[in-house]
Amino acid sequence: MEKTVRFTFPKKERLKSKKLFKALFTEGSGIREHALKLLYIKTAFDDDVQFKVAFVAPKKKFNSAVKRNRIKRLMLEAYRMNKPLVFNNMEGNFAFLFLYLGDDMPNLEAMDKGMKKLLTAFLKKERNEKNV
RNA sequence: AGAGCAGGCCACCUUAUCGCUGCAACAUUAGUUGGAGAGGAAAGUCCGGACACCGUAGUGCGGCAUAGCGGGUAACGCCCGUCCACCGAAAGGUGAGGACAAGUGCAACAGAAAGCAAGUACAGUUCGGCUGUAGUGAAAUCAGGUAAACUCUAUGCGGUGAAACGCCAUGUAAACCAACAUUAAAGGGCGGCACGUCCAAGUUGGAGGGUAGGCGGAUUGAGCUUUUGGGCAACCAGGGGCCUAGAUAAAUGGUAGGGAUAUACAGAAUCCGGCUUAUGGCCUGCUUUAUUU
């Protein structure tokens with residue numbers, strides 16, 4: 001029976017390990033969709049979680065902490081609303097890192113659109129690699 | 001009403017719903033319910049402390065900071081009161097406001113000359129640039145001004161900084177620690193220098209440092225609020241009441257409706273007291289100008 005995915009984001013699903021962050025930046029695969037970029041890597045977790053996610057807004061572009069917080073929260077919200085897209089269609093464990101590379105402050109609508117495109121692109125890419 | 005001065009307050013609210021981080025209760029695996037959840041500057045990291053560790057940090061020199069007087073405070077470079085100086089018509093504001101009767105240095109314009117070299121005019125004269133006057137100037141061989149000039153005086157200051165520090169699990173070596181043994185020099189460490197002081201190899205025992213992880217440190221505190229008394233005030237003393245974020249790649253957000261519309265600067269990271277800077281709005285008091293009565 002397929003377990004129902006709710007629009008939640010508990011602490012467990014947050015990426016915390018410094019090692020994984022390092023690995024993501026050095027050897028993670030990347031997909032860019034306009035202002036959003038996804039870095040991901042296949043891995044395994046000790047606790048029973050399928051994905052671990054982190055959100056990053058670069059300090060170089062947004063030096064105000066309030067703005068960085070805002071961007072991260074918007075990304076989280078967009079990811080949370082689109083979770084079923086990956087949870088219901090994907091096998092395996094992944095670590096995700098979402099980067100915001102735009103120059104302007106985004107709004108939720110744009111973020112949601114970008115997130116949908118990005119996740120769809122990710123699914124496509126992974127399936128192709130599996131089939132090859 | 002205009003212009004200005006001083007001080008205080010607030011920081012969109014609310015309902016529903018989807019989420020996030022602690023806490024409490026119930027379940028004691030999953031979870032459910034309840035309640036709490038950024039600031040006046042959380043910022044800059046500029047001062048002062050608490051706390052922690054560092055070879056107990058001693059002495060001298062050096063260095064840095066402060067500077068009327070009195071008070072407040074855990075402490076301060078902060079605050080309050082007051083004198084003086086300056087600015088302003090006033091309300092009010094500003095303040096590197098100790099000392100030039102120790103030494104050294106500096107000084108625009110004017111002037112012969114503002115300290116080592118020169119000497120104007122007139123008069124006196126013991127013929128010595130010796131005396132007086134004039135003239136320039138704030139000041140003239142007699143001192144004065146200047147210490148956001150060196151300097152002197154008084155007072156204070158050990159260093160590092162929560163990535164500190166303590167503990168747990170993992171755990172490899174000659175590097176860590178303790179005890180014993182033991183010593184001469186070189187060398188090295190300890191805040192800049194000097195004095196001073198500490199350190200090596202061996203044996204035995206314990207297990208350190210580094211790396212990644214977890215827990216503590218960590219939120220009850222020089223706390224908030226109310227009241228009485230003291231004080232011009234800063235503030236102090238007593239009584240009552242309250243518990244008010246605690247994350248760790250780092251919680252406090254999204255959507256919809258309503259309040260007519262719009263929502264400044266900005267995000268806790270060990271904790272306090274200040275200062276400075278950024279910034280939307282409201283209120284109070286005072287000064288002054290003009291008009292009306």
Side-chain angles (χ1 to χ4, degrees):
Chain A
M1 183 184 164
E2 192 180 311
K3 60 179 176 182
T4 51
V5 175
R6 298 171 57 201
F7 302 107
T8 59
F9 188 70
K11 207 172 179 177
K12 270 185 177 178
E13 291 182 20
R14 200 173 277 278
L15 182 61
K16 293 184 177 183
S17 161
K18 272 189 184 176
K19 268 187 185 169
L20 276 177
F21 269 93
K22 225 176 181 177
L24 272 168
F25 278 110
T26 51
E27 50 196 86
S29 317
I31 306 173
R32 176 133 189 207
E33 180 65 43
H34 295 292
L36 275 175
K37 185 171 185 181
L38 169 65
L39 289 172
Y40 66 95
I41 191 168
K42 198 159 188 174
T43 179
F45 302 113
D46 298 334
D47 40 10
D48 188 27
V49 176
Q50 199 180 357
F51 302 106
K52 288 209 182 210
V53 188
F55 305 94
V56 171
K59 202 170 186 177
K60 276 186 183 171
K61 287 191 175 174
F62 302 94
N63 56 9
S64 153
V66 173
K67 284 181 181 169
R68 289 200 301 278
N69 269 350
R70 173 83 189 155
I71 290 167
K72 284 198 264 184
R73 280 167 185 162
L74 283 175
M75 284 198 283
L76 189 152
E77 202 63 21
Y79 169 75
R80 196 167 68 81
M81 299 319 272
N82 292 301
K83 258 174 88 177
L85 211 58
V86 271
F87 264 68
N88 293 338
N89 300 313
M90 222 32 233
E91 294 291 321
N93 294 345
F94 287 92
F96 289 147
L97 181 88
F98 291 96
L99 275 163
Y100 183 76
L101 299 172
D103 296 317
D104 309 314
M105 282 303 291
N107 57 19
L108 186 71
E109 204 183 335
M111 196 64 95
D112 184 61
K113 263 185 180 172
M115 185 63 71
K116 278 201 172 94
K117 277 186 182 173
L118 194 57
L119 290 179
T120 320
F122 164 71
L123 287 173
K124 238 182 184 174
K125 198 172 173 186
E126 273 303 299
R127 282 202 182 122
N128 288 345
E129 278 183 16
K130 239 183 189 176
N131 295 340
V132 167

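Only heavy atoms go into these numbers, but all of them, side chains included; no hydrogens, no water, no symmetry mates. The sequence lines fix the lettering, A, B, ..., with proteins before strands; numbering per chain opens at 1.
Place A:A65 and A:L76 on RNA chain B by their nearest nucleotides, and A:L76 ends up nearer the 5' end. For the pair A:L74 and A:V53, both in contact range of RNA chain B, the more 5′-proximal nearest nucleotide belongs to A:V53.
Atoms NZ (A:K72) and P (B:rC20) sit 18 Å apart, rounded to a whole Å. Whole-Å rounding puts the A:K59 NZ to B:rA250 C1' distance at 13 Å. If you measure from atom CZ of A:F96 to atom P of B:rA249, you get 20 Å, rounded to the nearest angstrom. Here B:rG267 presents its P atom at 10 Å from NZ of A:K67, a figure rounded to the nearest Å. The distance between atom OH of A:Y79 and atom P of B:rA249, rounded to the nearest whole Å, is 18 Å. Put simply, CE on A:M75 is 17 Å from C1' on B:rG19, counting in whole angstrom units. A straight line from CG of A:N107 to C1' of B:rG253 spans 16 Å, rounded to a whole angstrom. Across the protein-nucleic acid pair, A:I71 atom CD1 and B:rG267 atom P stand 13 Å apart, rounded to whole Å.
Taking atom P in both B:rU82 and B:rU104, one finds a spacing of 44 Å when rounded to whole Å. When the C1' atom is used for both B:rA50 and B:rG22, the distance is 26 Å, rounded to whole Å. B:rG97 and B:rA149: their P atoms are spaced 11 Å apart (whole Å). Of the P atoms belonging to B:rU14 and B:rG238, the separation is 39 Å, rounded to the nearest Å. Separation of the P atoms belonging to B:rG253 and B:rU263 is 16 Å when rounded to the nearest angstrom. Comparing B:rA234 with B:rG81, their C1' atoms sit 8 Å apart, to the nearest whole Å. B:rU160 sits 34 Å from B:rG205 when the C1' atoms are compared, rounded to a whole Å. Rounded to the nearest Å, the gap between the P atom of B:rG281 and that of B:rA266 is 16 Å.
Here B:rA102 sits opposite no nucleotide as a Watson-Crick or G-U wobble pair (both hydrogen-bonding atom distances under 3.5 Å). The nucleotide B:rG196 finds its pairing partner in B:rC190, both defining distances of the Watson-Crick or G-U wobble pair being shorter than 3.5 Å. Across the strands present, B:rU160 finds its partner in B:rA52; the criterion is a Watson-Crick or G-U wobble pair with both atom distances under 3.5 angstrom. Base pairing of B:rU120: its partner is B:rA134, meeting the Watson-Crick or G-U wobble criterion (both donor-acceptor distances under 3.5 Å). With a cut-off of 3.5 Å on both Watson-Crick or G-U wobble distances, the partner of B:rG70 is given as B:rC80. In this structure, B:rC9 forms a base pair with B:rG281, meeting either the Watson-Crick or the G-U wobble geometry with both donor-acceptor distances under 3.5 Å. Base pairing of B:rG39 is made with B:rC265, judged by Watson-Crick or G-U wobble geometry with both donor-acceptor distances under 3.5 Å. In a base pair of the Watson-Crick type (N1 to N3 plus N6-O4 or O6-N4) or a G-U wobble (N1-O2 and O6-N3), with each distance short of 3.5 Å, B:rU255 is matched with B:rA16.
Base orientation for B:rG92: anti, the chi torsion being more than 90° from 0. Taking syn as a glycosidic angle within 90° of 0, B:rA27 does not qualify and is anti. Base orientation of B:rU244: syn (glycosidic angle within 90° of 0). Glycosidic conformation at B:rG40 (O4'-C1'-N9-C4 for purines, O4'-C1'-N1-C2 for pyrimidines): syn, within 90° of 0. Base orientation of B:rU219: syn, since the glycosidic angle falls within 90° of 0.
No engagement by A:R68 is indicated, since no non-hydrogen atom pair under 4.0 Å with the nucleic acid exists.
Interface remark: the A:R70 side chain does not form any donor-acceptor pair with the B:rG254 base, using a distance-only criterion of under 3.5 Å.
With a 4.5 Å cut-off on side-chain heavy atoms, A:K117 and A:F122 do not count as touching. You'll find the side chain of A:K125 reaches within 4.5 Å of the side chain of A:I31, heavy atoms only. Taking 4.5 Å as the limit, every side-chain heavy atom of A:Y100 sits out of range of all side-chain heavy atoms of A:F55.
Listed here is the closest heavy atom pair of A:I71 and A:A57: CG2-CB, 4.0 Å.
When atom types are taken as modelled, the side chain of A:K61 and the backbone of A:L101 share a donor-acceptor pair closer than 3.5 angstrom. Judged by distance alone, the side chain of A:R68 and the main-chain N or O of A:F62 form a donor-acceptor pair under 3.5 Å.
Checking the phosphate oxygens (OP1, OP2) of B:rU252, a side-chain nitrogen or oxygen of A:R73 falls inside 4.0 Å.
Grouping the Ile, Leu, Val, Met, Phe, Trp and Tyr side chains by contacts below 4.5 angstrom, directly or via other members, places A:L36 apart from A:M81.
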task = Run the numbers on A:F98 and A:M111 for side-chain contact (heavy atoms from CB on, under 4.5 Å), then give the verdict.
result = CA-CA 11 Å; A:F98 291 96; A:M111 196 64 95; over 6 Å; no
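Between B:rG19, B:rG254, B:rG267, one nucleotide has an atom nearer to the side chain of A:R80 than all others, and that is B:rG19.
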